[in-house]
Amino acid sequence: MDMMKIQADTLYTMDDRNRLLSINEPDGGRAPALFIGITSAGQCSYYHAQLPFTLIEELGCVSGLPLDISKLIRRVETFKPVKGVWMGPAYAFPEKCGEWHPNVQLIESYRTFLLAEHFPDLIERLHEKMPVAAYVIEDSAVAVCCSARVSKQGAEASLYTAPGFRGKGYAVDAVKCWQHHVKKNGRIPIYSTSWDNVASQTVARKLGLIQFGVDFSITTTS
């Protein structure tokens, strides 16, 4: 439960009542109407700050396990049309994650040229995504792991591999380096994905990650 609360605080900005405001990224956009973190110790629910209190009470009454997703969607749609539903595993890292390949480098401001070929959009946002670790082949990053969202306690991984370089283990090495430097900076590294993202779950398995829960959210139109 502690890990799930740290993850929720990393994923979203909240008001002083722990109501969701926005996605925890610069210009991140609207937070979901409902986020439920499910763990073996129970679940924690977070609601958008704009939801009426009566609707929050209704959602609380129907959000027990197993989740009745259809019923939750119908309740949320009394507030605003539902745009999407997300569900997937959330992982913590073991104490030791192993060494990474010598080709992996930390990308700092003087190394942004390494991103130019496959990840040019990341160059201008580098300072928001630190630490950024990349598997480099011939002066070009082919797999990158960076911080999608950062809080005081945690950092959520974001992983990209260039087409043509997938399935070779490069992403795994990049994640190993990233999580090491997140821990070195005093934060807890977190890795989450959706149930239908088989490639991302394969990376988690190869890293020996420990599933601490399941994330579920319902987003609405603005």
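The first residue in the sequence is number 1, and the count goes up from there.
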Are side-chain N/O atoms of [X] and [Y] paired as donor and acceptor at under 3.5 Å?
{"X": "Ser158", "Y": "Tyr160", "value": "yes"}
{"X": "Gln50", "Y": "Arg30", "value": "yes"}
{"X": "Tyr91", "Y": "Thr193", "value": "no"}

- Task: Could you tell me how the ring of Tyr135 sits relative to the ring of His101: parallel (under 30°), tilted (30 to 60°) or perpendicular (over 60°)?
- Result: tilted

Looking only at heavy atoms, what is the nearest atom pair of [X] and [Y], with distance?
{"X": "Ala174", "Y": "Ala143", "value": "CB-O, 4.1 Å"}
{"X": "Cys177", "Y": "Val104", "value": "CB-CG1, 3.5 Å"}
{"X": "Phe212", "Y": "Ala92", "value": "CD2-N, 3.5 Å"}
{"X": "Ile190", "Y": "Met3", "value": "CG1-CE, 4.1 Å"}
{"X": "Ala31", "Y": "His48", "value": "O-CD2, 3.4 Å"}
{"X": "Met87", "Y": "Ile38", "value": "CE-CD1, 4.5 Å"}

[X] (side chain) donor-acceptor with [Y] (main chain) under 3.5 angstrom:
{"X": "Gln201", "Y": "Ser194", "answer": "yes"}
{"X": "Thr39", "Y": "Ala41", "answer": "yes"}
{"X": "Glu108", "Y": "Tyr110", "answer": "no"}
{"X": "Arg166", "Y": "Thr161", "answer": "yes"}
{"X": "Asp173", "Y": "Trp100", "answer": "no"}
{"X": "Ser140", "Y": "Ile137", "answer": "no"}
{"X": "Asn185", "Y": "His181", "answer": "yes"}
{"X": "Thr13", "Y": "Ser22", "answer": "yes"}
{"X": "Arg111", "Y": "Leu106", "answer": "yes"}
{"X": "Lys83", "Y": "Pro32", "answer": "no"}

Within this structure, what is the [atom1]-[atom2] distance for the pair [X] and [Y], rounded to the nearest 0.5 Å?
{"X": "Thr220", "Y": "Ile73", "atom1": "OG1", "atom2": "CD1", "value": "12.0 Å"}
{"X": "Leu115", "Y": "Phe113", "atom1": "CG", "atom2": "CZ", "value": "9.5 Å"}
{"X": "Met4", "Y": "Leu11", "atom1": "CE", "atom2": "CG", "value": "9.0 Å"}
{"X": "Gln179", "Y": "Ile188", "atom1": "CD", "atom2": "CD1", "value": "12.5 Å"}
{"X": "Leu55", "Y": "Thr78", "atom1": "CG", "atom2": "OG1", "value": "4.5 Å"}
{"X": "Arg75", "Y": "Leu51", "atom1": "CZ", "atom2": "CG", "value": "13.0 Å"}

How about [X] and [Y]: do any of their side-chain heavy atoms sit closer than 4.5 Å?
{"X": "Ser147", "Y": "Val150", "value": "yes"}
{"X": "Tyr191", "Y": "Leu159", "value": "yes"}
{"X": "Leu59", "Y": "Leu72", "value": "yes"}
{"X": "Val132", "Y": "Trp178", "value": "no"}
{"X": "Pro94", "Y": "Leu209", "value": "yes"}
{"X": "Val82", "Y": "Thr219", "value": "no"}
{"X": "Leu34", "Y": "Tyr46", "value": "no"}
{"X": "Lys129", "Y": "Ile107", "value": "no"}

Taking atom [atom1] of [X] as the centre, does the number of heavy atoms from other residues, nucleotides or ligands within less than 6.0 Å exceed 12?
{"X": "Glu124", "atom1": "CD", "result": "no"}
{"X": "Lys5", "atom1": "NZ", "result": "no"}
{"X": "Asp2", "atom1": "CG", "result": "no"}

- Message: Would Gln153 and Thr10 count as a side-chain contact (heavy atoms from CB on, under 4.5 Å) here? Give the steps.
- Response: CA-CA 8 Å; Gln153 292 182 282; Thr10 301; 5.8 Å; no

- Query: Stepwise, does the side-chain hydrogen bond (donor to acceptor under 3.5 Å, both in side chains) test hold for Asn24 with Glu156?
  - Reply: CA-CA 10 Å; Asn24 185 26; Glu156 178 86 12; over 6 Å; no

- Message: Between Leu114 and Glu117, does the side-chain contact (heavy atoms from CB on, under 4.5 Å) criterion hold? Intermediate values first, please.
- Response: CA-CA 7 Å; Leu114 297 171; Glu117 182 176 359; over 6 Å; no

- Message: Could you go through Glu77 and Arg74, starting from their C-alpha distance and side-chain angles, then the distance that decides it, and tell me whether this counts as salt bridge (charged side-chain N to carboxylate O under 4.0 Å, His left out)?
- Response: CA-CA 5 Å; Glu77 283 186 329; Arg74 288 196 298 271; over 6 Å; no

When clusters are formed by joining ILVMFWY residues with side-chain heavy atoms under 4.5 Å apart, either directly or through shared neighbours, do [X] and [Y] land in the same one?
{"X": "Val203", "Y": "Val198", "value": "no"}
{"X": "Ile69", "Y": "Trp195", "value": "yes"}
{"X": "Ile23", "Y": "Val76", "value": "no"}
{"X": "Phe53", "Y": "Met14", "value": "no"}
{"X": "Val172", "Y": "Val142", "value": "no"}

- Kindly say whether the aromatic ring centers of Tyr12 and Phe35 come within a distance under 6.0 Å. yes

- Is the Phe165-His118 ring centre distance short of 6.0 angstrom? yes

- Item | Verdict with reasoning, Glu25 to Arg125, per side-chain contact (heavy atoms from CB on, under 4.5 Å) | CA-CA 11 Å; Glu25 297 178 23; Arg125 305 181 64 193; 4.0 Å; yes

- Check step by step if side-chain contact (heavy atoms from CB on, under 4.5 Å) holds for Ser45 and Gln43. CA-CA 7 Å; Ser45 300; Gln43 65 187 73; 4.0 Å; yes

